[in-house]
Amino acid sequence: MNRGAPVAAKFYARPTEEVARGLLGRILVSDIGGRRRQTAGRIVEVEAYLGPHDPACHAYNRRRTARTEPLYGPPGTAYVYFTYGMHWCLNAVTETLDFPAAVLIRALEPIGGADTMRRRRGTEPLCAGPARLCQAMGITGAVNGVSLQRGRLRIVEGPAPRKSEIVVGPRIGITQAADWPLRFYLKGSPWVSRQG
DNA sequence: ACGCAGATTTTCT
DNA sequence: GAAAATCTGCGTT
C-alpha cells in the first residue's frame, strides 16, 4: 500500500458498498485555498447511495438534472451538492460511466492543517459531519465534478482498517429507505458524526 | 445529555 | 409551495 499515492480510478469502478467500505482509512487531501493551507483527514465515516433503484439517491429513477449530472460522470469524480440553504456535501462517484451512484464522505479524523480548519469553521468539531468537513477543507461547488485522483482535492492511500473495525448501520438524515444499512464507520472512533 | 426550532436557498412539484 | 444526504444555539432534564 503506497501511502500518499492517489487511489486509482479502478478502485471506484466497483459496487458502491465495496467502495464505501474501502474508503474507510484512506486520506482526503485538500489544497483548496493554496498549498500552504493544505488540510487532510482520514476517512472514518461514509454512506453509500446506490443509484437509480435507491430512493434516497439524488438520481433515483435515473433523475438527470444539472444538479445530478456529476453522478453520471466517470468513477472517481467529486459530486458536491448544496443543501439546506447553506451546506455543501462531498461524494465520490462510483461504478461506471453513466451509472449514477456515489459514496458520501461523512466524517474525517483531522491529520493536517487543523489550524486552517479551525479558522474556516470557527468552532468545534472540525470534521464530524458531511457539511462540517466541507467547510473545514474549503470544499464548495467550485470543485463539483473534478477528479479525485489529482488536483486540488484528492483521495490518497492510507492505513486500511481491519474488517472487524467497521460498523454498519442505517443512513442518517434521510426519509426514503431510512432502514437500509448503508452507513459505514470505524468502531469506537471519536471522530464520527455520531455513534450507533 | 437531549430535544427542538431556525437558518437559508436550491430544486423540483 | 414544500422538502431537503445539515448544523447551531438555546431551552429543558
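Just so it is clear, the structure is predicted and the values come from calculations on it, not from any experiment. Below, read A as the first sequence line, B as the second, and so on, with proteins coming before strands; counting in each chain starts at 1.
Remark: A:Arg194 CZ is loosely packed, at most 12 non-hydrogen atoms of other residues, nucleotides or ligands lying under 6.0 Å away.
The side-chain heavy atoms of A:Arg21 and A:Ile166, taken from C-beta on, include a pair separated by under 4.5 Å.
Considering all non-hydrogen atoms of both residues, A:Cys57 and A:Gly51 come closest at CB-O, 3.5 Å. Nearest approach of A:Pro100 to A:Arg62, heavy atoms of both residues: CD-NH1, 3.9 Å. Here the closest non-hydrogen pair linking A:Leu133 and A:Ala107 is CD2-N, 3.6 Å.
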Quiz item: Stepwise, does the salt bridge (Lys or Arg N to Asp or Glu O under 4.0 Å) test hold for A:Arg120 with A:Asp115?
Solution: CA-CA 9 Å; A:Arg120 287 177 174 147; A:Asp115 49 345; over 6 Å; no
Quiz item: Are A:Asp31 and A:Arg37 close enough, and set up right, to give a salt bridge (Lys or Arg N to Asp or Glu O under 4.0 Å), and what steps lead you there?
Solution: CA-CA 7 Å; A:Asp31 287 337; A:Arg37 289 184 204 147; over 6 Å; no
Practice problem: Map every base of DNA chain C to its dot-bracket character, where paired means a Watson-Crick or G-U wobble contact with both distances under 3.5 Å and | marks a partner outside the strand. | Solution: ||||.|||||||.
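Think of the region where chain A sits on DNA chain C: with heavy atoms and a 4.0 Å cut, that region ends 5' and 3' at C:dA4 to C:dT8.
One finds a salt bridge joining A:Glu47 and A:Arg106 here, because a Lys/Arg side-chain nitrogen approaches an Asp/Glu carboxylate oxygen to under 4.0 Å.
Taking the ring axis of A:Tyr60 as reference, the NZ or CZ atom of A:Arg63 does not stay both within 45° of it and closer than 6.0 Å to the ring centre.
Projected onto DNA chain C by closest heavy-atom contact, A:Ala56 and A:Thr123 fall at different nucleotides, the more 5' of which corresponds to A:Ala56. Mapping A:Arg67 and A:Pro125 onto DNA chain C by nearest heavy atom places A:Arg67 at the nucleotide closer to the 5' end.
As a member of the Ile/Leu/Val/Met/Phe/Trp/Tyr network built from side-chain separations under 4.5 Å, A:Ile174 groups with A:Tyr49, A:Leu71, A:Tyr72, A:Tyr79, A:Tyr81, A:Val93, A:Leu104.
Sorted by first and then second residue, the pairs that involve residues 64-84 of chain A and meet salt bridge (Lys or Arg N to Asp or Glu O under 4.0 Å), not counting sequence neighbours, are A:Arg64-A:Glu69, A:Arg64-A:Asp98.
Here B:dT8 presents its P atom at 16 Å from CH2 of A:Trp88, a figure rounded to the nearest Å. Atom NE2 in A:His87 sits about 16 Å away from atom P in B:dT11, given to the nearest Å.
Across all strands, A:Arg121 comes closer than 4.0 Å only to sugar-phosphate atoms, never to a base (heavy-atom distances). Residue A:Ile174 is classed as a sugar-phosphate contact, given heavy-atom separations below 4.0 Å to backbone atoms only.
For DNA chain B, the neighbouring residues in residues 69-86 of chain A, judged by any heavy atom under 4.0 Å, are A:Phe82, A:Tyr84, A:Gly85, A:Met86.
For the residue pair A:Gln135 and A:Arg121, a side-chain donor N or O sits within less than 3.5 Å of a side-chain acceptor on the partner. A donor-acceptor contact under 3.5 angstrom links the side chains of A:Glu45 and A:Ser193, judged on distance only.
Checking the phosphate oxygens (OP1, OP2) of B:dT11, no side-chain nitrogen or oxygen of A:Thr65 falls inside 4.0 Å.
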Got a list of protein N/O to nucleotides 1-5 of chain B N/O distances below 3.5 Å?
none

